[in-house]
Protein chains: 2
Amino acid sequence: MTRELTPKGSATRQRIIEGAAAEIREHGVAATTLDDVRTRTGTSKSQLFHYFPGGREELLLAVARYEAGRVLSDQQPQLSRLTSWRAWEEWRDVLIQRYRRQAWDCPLDAVVSQLGRSTPGAQAVLTELLNRWQGEIAAGVRAMQEQGEIDPGLDAGQAAAALLAGIQGGVVIMLSTGRLTHLEAALDVAIQHLRESRDRHPADH
Amino acid sequence: MTRELTPKGSATRQRIIEGAAAEIREHGVAATTLDDVRTRTGTSKSQLFHYFPGGREELLLAVARYEAGRVLSDQQPQLSRLTSWRAWEEWRDVLIQRYRRQAWDCPLDAVVSQLGRSTPGAQAVLTELLNRWQGEIAAGVRAMQEQGEIDPGLDAGQAAAALLAGIQGGVVIMLSTGRLTHLEAALDVAIQHLRESRDRHPADH
DNA sequence: TCTCGACTGGACTTGCCGGTCCAAATTTAT
DNA sequence: ATAAATTTGGACCGGCAAGTCCAGTCGAGA
């Protein structure tokens, strides 16, 4: 089961994954055939099945993993350092800029709407991604609470869940309508809500 | 071009649309073949192409329209009467209950993630749906502003956009992870934000 | 009752796509 | 050097699904 790959082999394998990911981002999972991937990556049928014995399904799972990784790394280093309002704003801007420049090239959508539905394996990858992401946001909320910048009575997990849902929905809406307004609104309203929580409950405990 | 349908004919046509919609909700667009629809609705190939000369694509568009209608009607009458906090809470509960009971049977996901991407026509249907939906929410916000229950300085359009994004993302996350928490969090946080806006800016103008 | 057009049934065609197979080339290890 | 293993090329197969076609049925109006 433990296939041994030479450097050349694993390079080819990686090339296939990245080519497939790009193809899927551009045309969607359903419209992406193995021949498309083959042509794009300059490989042959046998190579695809050599590196992914499980065929199309195994390749899609690998792509899901790859794209899930990109979703988070695209937001770094801002995402893991949400320890000041300035950092929050920068993170917000990173997200917005990312989609303003290249709305089409969206690993998040690829993994959520396209791949996440297909197999239990991909679903697990997606769940793991969401958990990690939400955890990072919640950590940022707690960091601000410790600094007294956010109402300590606020539920960090719930706030993070709501924010994540807003981002998710904003991206989905953007991909359907081409408008960034919902993503911006979701981020701005959520962050504003966090900032103002202190004013509502100034010194609760 | 103007086909004339007898009552029997239009009944068959409607049966096909509803059967296709159900099939798509259960198995997804990609996995739904015309033969599946045929079997489920007890029709023949020629009937499908008789009522939908454009073939699969035209059928999918009709399904998108049908499902888009359901998304809004499922939230009525609460959605169009958001004129008290009690009404807002009831609307929230309608949404949550809807998905708690039948998460799988989700016209919203069908139209957004499954159909909305396929053709420009379906995309237009989806955009129209989102506009209408957001408009209803915004109207509710303004109604509350007029009653002095929400800070009049708050941007109703932005608040509605953020809320819509949250719902959208909450549903998408639910369909991937099976957990309702994000949808609940998005709704609760957003409504709480609206309720507390008055406390932050008690008598601004 | 007759006729015309709407409606229905299902066989058939066509093309595509995932997957298999085998043989050749290339690399690695001894 | 040479054997073993990895990597590569591409022809081929089988099935499936969209779409076509034509023959037959049904129903309403003259």
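Residue numbers begin at 1 in each chain, while the letters A, B, ... track the order of the sequences.
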B:Phe49 CZ - C:dG9 P separation (whole Å): 16 Å
A:Arg15 CZ to D:dT8 P, straight-line distance once rounded to whole Å: 7 Å
Atom pair distance, as rounded to whole Å: CZ in B:Arg38 and C1' in D:dA17: 11 Å
Check the distance between C:dG10's P and B:Leu48's CG and give it to me in whole angstrom. 13 Å
Please check: side-chain N/O of B:Trp91 versus main-chain N/O of B:Leu79, any donor-acceptor pairing under 3.5 Å? no
For a quick test of reading the model: is some side-chain N or O of A:Thr43 closer than 4.0 Å to OP1 or OP2 of D:dT8? no
Presence of A:Thr33 side-chain N/O under 4.0 Å of C:dC16 phosphate oxygens OP1/OP2: no
Might you confirm whether atom CD of B:Glu57 has over 12 heavy atoms from other residues, nucleotides or ligands at distances under 6.0 Å? no
Side-chain contact, heavy-atom cut-off 4.5 Å: A:Phe52 with A:Leu60? no
To the side chain of A:Leu34, which of D:dT8, C:dG19, D:dA18 is closest? C:dG19
Rounded to whole Å, please give me the gap between CD in A:Glu58 and P in C:dG18. 15 Å
May I ask you to verify if any side-chain N or O of B:Gln47 is less than 4.0 angstrom from the OP1 or OP2 atom of C:dT8? yes
Proximal nucleotide (of D:dG19, C:dC7, C:dG18) relative to the B:His50 side chain: C:dC7
Report yes if a side-chain nitrogen or oxygen of B:Tyr51 is closer than 4.0 Å to either non-bridging phosphate oxygen (OP1 or OP2) of C:dT8; otherwise report no. yes
Which side-chain N or O atoms in residues 160-179 of chain B pair as donor and acceptor under 3.5 Å with protein atoms at least two apart or in another chain?
from	atom 1	to	atom 2	distance (Å)
B:Ser176	OG	B:Val172	O	3.0
B:Thr177	OG1	B:Ile173	O	2.9
B:Thr177	OG1	B:Arg179	N	3.2

Check: B:Lys45 side chain, C:dG9 base, donor-acceptor under 3.5 Å: no
Name the closest nucleotide to the A:Arg56 side chain, picking from D:dA18, C:dC21, C:dG19. C:dG19
Measure from the side chain of B:Ser44, starting at C-beta and using heavy atoms only, and say which of D:dG10, C:dG18, C:dT8 lies closest. C:dT8
Report yes if a donor N or O on one partner sits less than 3.5 Å from an acceptor N or O on the other, where the partners are the side chain of B:Lys8 and the base of D:dG27; otherwise report no. no
Whichever of B:Asp35 and A:Gly42 has the more 5' nearest nucleotide on DNA chain D, that residue is A:Gly42
A:Asp36 has an atom CG; how far is it from atom C1' of C:dG18, in whole Å? 13 Å
Enclosure of B:Arg195 CZ (heavy-atom neighbours >12, cutoff 6.0 Å): yes
